[in-house]
Peer 1: 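Before anything else, here's the structure in question.
Reminder, nothing fancy here: chain letters follow the sequence lines and each chain counts from 1. Since we're looking at a predicted model, the values are computed, not measured.
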Number of protein chains: 2
Amino acid sequence: MECKNFEQNYKKEMRAVQDSMDVLSGKWKISILSSICFYSKRRFSDILSDIEGISNKMLSKELKELELNKLIKRTVMDTQPVTVLYELTKHGLSLKTIIEELTDWGIRHRKEITGR
Amino acid sequence: MECKNFEQNYKKEMRAVQDSMDVLSGKWKISILSSICFYSKRRFSDILSDIEGISNKMLSKELKELELNKLIKRTVMDTQPVTVLYELTKHGLSLKTIIEELTDWGIRHRKEITGR
DNA sequence: CCGTATCCCCGGGGATACTG
DNA sequence: CAGTATCCCCGGGGATACGG
């Protein structure tokens with residue numbers, strides 16, 4: 001319950017958490033990752049309808065950032081009209097544990113705030 | 001490596017992760033929590049100087065939100081002039097594992113992006 | 001179908017000054 | 001010391017239309 005192991009590389013660790021948050025804290029990032037993860041492979045328009053409220057502009061932008069960060073892989077299918085598939089990379093899948101823990105904590109947090 | 005366990009309560013879990021992110025993804029939240037956690041108890045002006053770039057307005061705002069979410073406890077000391085101590089609550093401390101994992105992932109992520 | 005381009009508005013958040 | 005108040009600017013992000 002104490003934070004003694006933070007003592008040594010305090011600053012460096014703070015930068016590392018911040019790096020993670022920079023990647024994940026985009027407005028729709030987690031939802032997009034969840035959607036793709038759940039269906040394994042998912043098309044642009046499918047993700048668009050999975051996530052309530054997102055615009056095509058934002059989806060496009062967020063997908064681009066996730067791809068830049070090597071969390072997802074984009075594949076253009078040679079169909080007519082064009083189809084694009086998104087899937088998680090190995091690196092993207094390495095987030096699974098963290099997402100699950102954030103899920104559990106979110107549930108506990110809701111209980112804590114709403115008063116059990 | 002698959003995401004089968006997401007199948008059942010997909011929507012509910014997505015909302016839960018989002019709840020967590022809503023609490024944590026504020027611009028300075030993680031830094032503030034880390035600072036307080038590292039020193040166990042910390043004063044307003046100390047946190048202000050711990051975190052490079054934050055303004056007193058933002059610090060005040062973020063602290064208020066963290067307190068509302070019961071992650072930190074605010075204590076006014078009866079000194080002259082007034083001193084205020086911030087510390088993590090039990091609930092706030094329950095984030096420690098997640099923060100540590102985000103730290104580890106951040107380091108791995110940097111390696112992934114910069115190319116080992 | 002999968003995006004990009006454009007327009008436009010609102011609020012996040014910095015700088016600074018002020019109060020108890 | 002620990003904030004609040006005010007001013008002000010810039011860019012995040014929505015709506016809509018267009019292009020390959």
Peer 1: What's the CG-P distance between L63(A) and dC2(C), to the nearest Å?
Peer 2: 11 Å
Peer 1: Take atom CD of E52(A) and atom P of dG14(D), then tell me their distance rounded to the nearest Å.
Peer 2: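 Rounded to whole Å, this separation is 13 Å.
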Peer 1: Nearest heavy atom decides the nucleotide; on that basis, is M58(A) or S45(B) closer to the 5' end of DNA chain D?
Peer 2: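 Going by which nucleotide is closer to the 5' end, it is S45(B).
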Peer 1: If Ile, Leu, Val, Met, Phe, Trp and Tyr residues are connected whenever their side-chain heavy atoms lie under 4.5 Å apart, and connections chain through other members, are I32(A) and I98(A) in the same group?
Peer 2: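 Per the 4.5 Å side-chain linkage, I32(A) and I98(A) are co-clustered.
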Peer 1: Rounded off to whole Å, could you give me the NZ-to-P distance for the K27(A) and dG12(D) pair?
Peer 2: 13 Å
Peer 1: The side chain of P81(A) lies closest to which of these nucleotides: dC1(C), dG14(D), dA2(D)?
Peer 2: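 The listed nucleotide nearest to P81(A)'s side chain is dC1(C).
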Peer 1: Quick check on dT4(D): is either OP1 or OP2 less than 4.0 Å from any side-chain nitrogen or oxygen of S60(B)?
Peer 2: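 Checking S60(B) against dT4(D): at least one side-chain N or O falls below 4.0 Å of OP1 or OP2.
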Peer 1: In whole Å, I'd like the distance from the CG atom of D22(B) to the C1' atom of dG12(C).
Peer 2: 16 Å
Peer 1: Quick check against the 3.5 Å criterion: does S20(A) have a side-chain atom that pairs as donor or acceptor with the backbone of G106(B)?
Peer 2: yes
Peer 1: For dG13(C) and K61(B) - does any side-chain N or O of the residue sit under 4.0 Å from the phosphate oxygens OP1/OP2?
Peer 2: yes
Peer 1: Can you tell me if K57(A) touches the phosphate of dG12(D), counting only side-chain N or O atoms and a distance under 4.0 Å to OP1 or OP2?
Peer 2: no
Peer 1: Rounded to whole Å, please give me the gap between NZ in K64(B) and C1' in dG12(C).
Peer 2: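 Spelled out: NZ on K64(B) to C1' on dG12(C) is 15 Å.
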Peer 1: Taking only N and O in the side chain of T83(A), is any of them less than 4.0 Å away from OP1 or OP2 of dC1(C)?
Peer 2: no
Peer 1: Looking at dG14(D), I'd like to know if its phosphate oxygens (OP1 or OP2) sit under 4.0 Å from a side-chain N or O belonging to S55(A).
Peer 2: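 For dG14(D), OP1/OP2 do have a side-chain N/O of S55(A) under 4.0 Å.
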Peer 1: Please give, in whole Å, the distance from dG12(C) P to K29(B) NZ?
Peer 2: 11 Å
Peer 1: E65(A) and salt bridge (charged side-chain N to carboxylate O under 4.0 Å, His left out): which single residue from K70(A), K27(A), K29(A) fits?
Peer 2: K29(A)
Peer 1: Rounded to whole angstroms, how far apart are CD on E62(A) and P on dG12(D)?
Peer 2: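 That distance rounds to 11 Å.
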Peer 1: Parallel, tilted or perpendicular: which fits the ring planes of W105(A) and H91(B), with parallel below 30° and perpendicular above 60°?
Peer 2: parallel
Peer 1: Taking only side-chain N and O atoms of Y86(B), does any of them lie within less than 4.0 angstrom of OP1 or OP2 on dG3(D)?
Peer 2: yes
Peer 1: Choosing from dG3(C), dA2(D), dG14(C), which nucleotide comes nearest the side chain of F44(A)?
Peer 2: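 Selected nucleotide: dG3(C).
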Peer 1: What nucleotide among dG3(C), dG3(D), dC1(C) has an atom nearest to a side-chain atom of N56(A)?
Peer 2: dG3(C)
Peer 1: Can you tell me how far OH of Y86(B) sits from OG of S35(B), rounded to the nearest 0.5 angstrom?
Peer 2: 12.0 Å
Peer 1: Report the distance from atom CG of L59(B) to atom C1' of dT16(C), rounded to the nearest whole Å.
Peer 2: 17 Å
